[in-house]
Amino acid sequence: MSRLEAKKPSVCESKPLTSERVRATLSVLKGIVTSCYGPSGRLKQLHNGAGGHVCTTSQSSALLHSLSVTHPVLKILTASMQNHVSCFSDCGLFVAILCCNLIENVQGIDLAPTTIIELNKLLLSLCTDYLKSEACACRIPVDFSSTQILLCLVQSILTSKPACMLTRKEVDHISALVLRAFLLTIPEKAGDHIILGKSIIVPLKGQRVIDSTVLPGMLIETSEVQLIRMLPIKKSGALKVALFCVSLSGDFSDTGEGTLAVSYGVSLENAVLDQLVNLGRQLVRDHIDLVMCQKVIHPSLKQFLSSHQVIAIDRIGVTLMEPLSKMTGAQPIGSLGSVSPRSYGSVKDLRSAEFGSKRFFHLIPNEVTVSSLLLCNRNDTAWDELKLTCQTALHVLQLTIKEPFVFLGGGCTETHLAAYVRHKTLNEPGSILKHDGCTQTELQLIAEAFCSALESLAGSLEHDGEILTDRKYGHFWSVQSDSPAVVNWPDLLSRCGCGLHSSQEELSWSFLRSTHHPFVPQNCLPCEAANSASDLTVDCFTAKLSGLQVAVETANLILDLAYVIEDTN
């Protein structure tokens with residue numbers, strides 16, 4: 001009999017943020033996410049000691065999937081990141097860096113946590129009200145009569161992920177493909193309520209990125225033998241489709257704890273085979289042209305269908321079932337019994353396609369709301385990162401349809417917002433505090449910590465040089481760290497982080513981390529000029545606005561922790 005150990009008491013840690021261990025772990029996490037941020041972010045290799053898959057990435061979703069954290073405070077932060085990324089796909093690193101900055105910047109301030117939390121809430125409200133308002137100088141409305149801003153949005157996402165290993169020409173090519181794949185998912189006859197289709201990413205590794213392409217409809221990988229055997233099919237009209245989610249292999253499902261009663265002399269295999277043949281006869285009588293099955297189709301049923309000029313495609317997998325159902329209008333059939341004709345769908349045509357060493361069935365729908373992005377890259381690591389990035393871009397485009405705005409990227413929104421908050425808290429503190437019981441001095445202290453957190457977040461984009469801000473728009477400018485102390489800035493600078501402003505304008509600059517003198521940040525160029533700009537860096541409006549809220553609320557939650565109680569058993 002094994003020895004029983006006495007249960008250990010739980011470990012209780014009071015005021016966890018005063019613990020050097022907690023501060024050190026937060027500092028390590030901040031260092032990891034900060035070094036990954038932006039187009040020049042450093043890549044991370046994640047693997048376990050037992051070997052297996054090695055992940056090379058700078059994306060928050062991949063980092064969170066592979067990174068193991070144990071301390072409860074870190075778990076709160078990573079859980080917030082994961083929840084945000086699962087909803088919006090983008091701005092995961094933004095959330096983590098800003099949250100860590102907010103916590104770090106108030107550590108030396110001698111104020112009660114409740115006061116800090118209350119002031120953080122007021123400053124968050126000030127920021128969100130401004131960012132949602134018409135007066136916001138870093139928000140651009142998206143004009144859907146032109147694809148220019150949408151293309152800039154996709155390019156900004158692709159260039160921020162260096163592990164994709166793309167050249168500028170390849171970024172332009174993939175950006176155009178991602179945007180085209182997304183546009184194909186928008187129904188032609190769109191009413192007030194648009195139901196978007198789906199874009200499926202089809203892998204083709206080991207090929208040139210420039211060989212990637214987009215096709216309307218769906219590609220289903222198959223062998224050359226199957227293609228020769230099943231195609232071509234000649235029919236003038238649409239092809240009638242039956243879609244099965246149940247196995248047609250003739251095997252038996254698990255009966256669980258029940259029993260199966262079989263009459264003497266009855267062969268189960270023959271009985272099931274007879275049922276499959278009867279199903280095949282019904283499909284032939286109903287003039288079905290194409291049978292697709294999520295699982296396996298029995299060879300005898302395949303042969304029977306083939307003899308009646310019915311194409312049978314099996315092993316489709318669960319991932320493609322939903323888009324297939326949407327594209328064809330067919331309802332997945334989950335029974336071998338009598339099939340209702342109402343469950344059938346149709347496609348416009350079925351063709352063969354060949355890309356690299358792979359062969360595909362190409363299903364062309366009656367109305368295109370499903371597209372296939374055939375994605376190529378040089379190796380598995382770069383392809384995995386590119387797939388994640390393209391999925392993020394497609395999701396961000398969907399979010400932009402719902403809220404048709406983008407934020408200026410490249411750190412300009414963060415530095416501009418910091419300048420705006422400094423100006424408002426210095427010149428209009430009464431409109432922020434109202435009747436909340438905090439003093440103007442307390443507001444100034446926390447506002448400076450808040451603005452510094454935003455500026456440090458923007459500064460994380462530059463890993464090798466120095467950051468400047470202009471004193472007209474409050475935008476982000478980067479310069480090499482070895483620049484001379486006395487310099488004519490217009491000769492050294494080119495464009496701001498988002499690309500909207502040129503150094504040739506009448507501007508004055510100061511280093512980001514130098515002493516600040518609050519100023520009123522002016523509005524940017526008119527929306528028409530922004531929409532016509534060909535090389536803007538922009539961010540997703542919905543994801544960044546939500547990320548700002550999540551970062552501040554998570555920081556407040558961690559600052560409010562009085563005790564951490566861990567069960568060590």
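The analysis underlying the following values was restricted to heavy atoms, covering all of them including side chains, and did not include hydrogens, waters or symmetry mates.
No more than 12 heavy atoms of other residues, nucleotides or ligands shown are found within 6.0 angstrom of CZ on Arg342. Residue-environment remark: CD (Glu367) exceeds the threshold of 12 foreign heavy atoms within 6.0 Å. Heavy-atom neighbours of Lys198 NZ from other residues, nucleotides or ligands within 6.0 Å: at or below the threshold of 12. Counting heavy atoms of neighbouring residues, nucleotides and ligands inside a 6.0 Å radius, atom NZ of Lys358 exceeds 12 of them.
Looking only at distances, no side-chain donor or acceptor of Ser306 sits under 3.5 Å from a matching main-chain atom of Lys302. Thr185 places a side-chain N or O within donor-acceptor distance of the main-chain N or O of Phe182, the cut-off being under 3.5 Å. Within the 3.5 Å criterion, the main-chain N or O of Ile364 finds no donor-acceptor partner in the side chain of Asp349. Between the side chain of Ser371 and the backbone N or O of Ala181, at least one donor-acceptor pair lies under 3.5 Å. When atom types are taken as modelled, the side chain of Trp383 and the backbone of Leu375 share a donor-acceptor pair closer than 3.5 angstrom. A donor-acceptor contact shorter than 3.5 Å is absent between the side chain of His395 and the backbone of Asp90.
In this structure, the side chains of Met81 and Leu63 stay at 4.5 Å or more apart for every pair of heavy atoms. In this structure the side chain of Ile401 reaches within 4.5 angstrom of the side chain of Ile186, judged on heavy atoms. Side-chain contact check for Phe304 versus Leu279: every heavy-atom pair is 4.5 Å or farther apart. Contact of the Leu548 side chain with the Leu131 side chain is registered, since non-hydrogen atoms from C-beta on lie closer than 4.5 Å.
Residues forming a side-chain hydrogen bond (donor to acceptor under 3.5 Å, both in side chains) with Arg208 (at least two apart in sequence, or on another chain): Asp211. Partners of Phe541 under the ring pair (Phe, Tyr, Trp, His ring centres under 6.0 Å) rule, at least two apart in sequence or in another chain, are Phe405, Phe407.
Across all their heavy atoms, Asn377 and Ala382 have their closest contact at ND2-O, 3.3 Å. Between Cys540 and Val396, the shortest heavy-atom distance links the atoms CB-CG1, 3.6 Å. Of all non-hydrogen atoms in Asn366 and Ser346, the two that sit nearest each other are ND2-OG, 2.9 Å. For the pair Cys164 and Leu386, the tightest heavy-atom approach, listed with the atom from each and the gap, is SG-CA, 3.6 Å. Ser546 and Phe88 make their closest contact through OG-CE1, 3.1 Å (heavy atoms, listed as atom of the first residue, atom of the second, distance). In terms of heavy atoms, Ile76 sits closest to Leu561 at CD1-CD1, 3.9 Å.
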Margin query: Using side chain to side chain contact (heavy atoms under 4.5 Å, CB included), reason through Thr159 and Leu166 one step at a time and then give a plain yes or no.
Written below: CA-CA 8 Å; Thr159 52; Leu166 300 180; over 6 Å; no
Do any side-chain atoms of residues 315-331 form donor-acceptor pairs under 3.5 angstrom with protein atoms, and if so which ones, sequence neighbours left out?
from	atom 1	to	atom 2	distance (Å)
Ser325	OG	Ala330	O	2.7
Thr328	OG1	Leu324	O	2.7
Thr328	OG1	Ala330	N	3.2

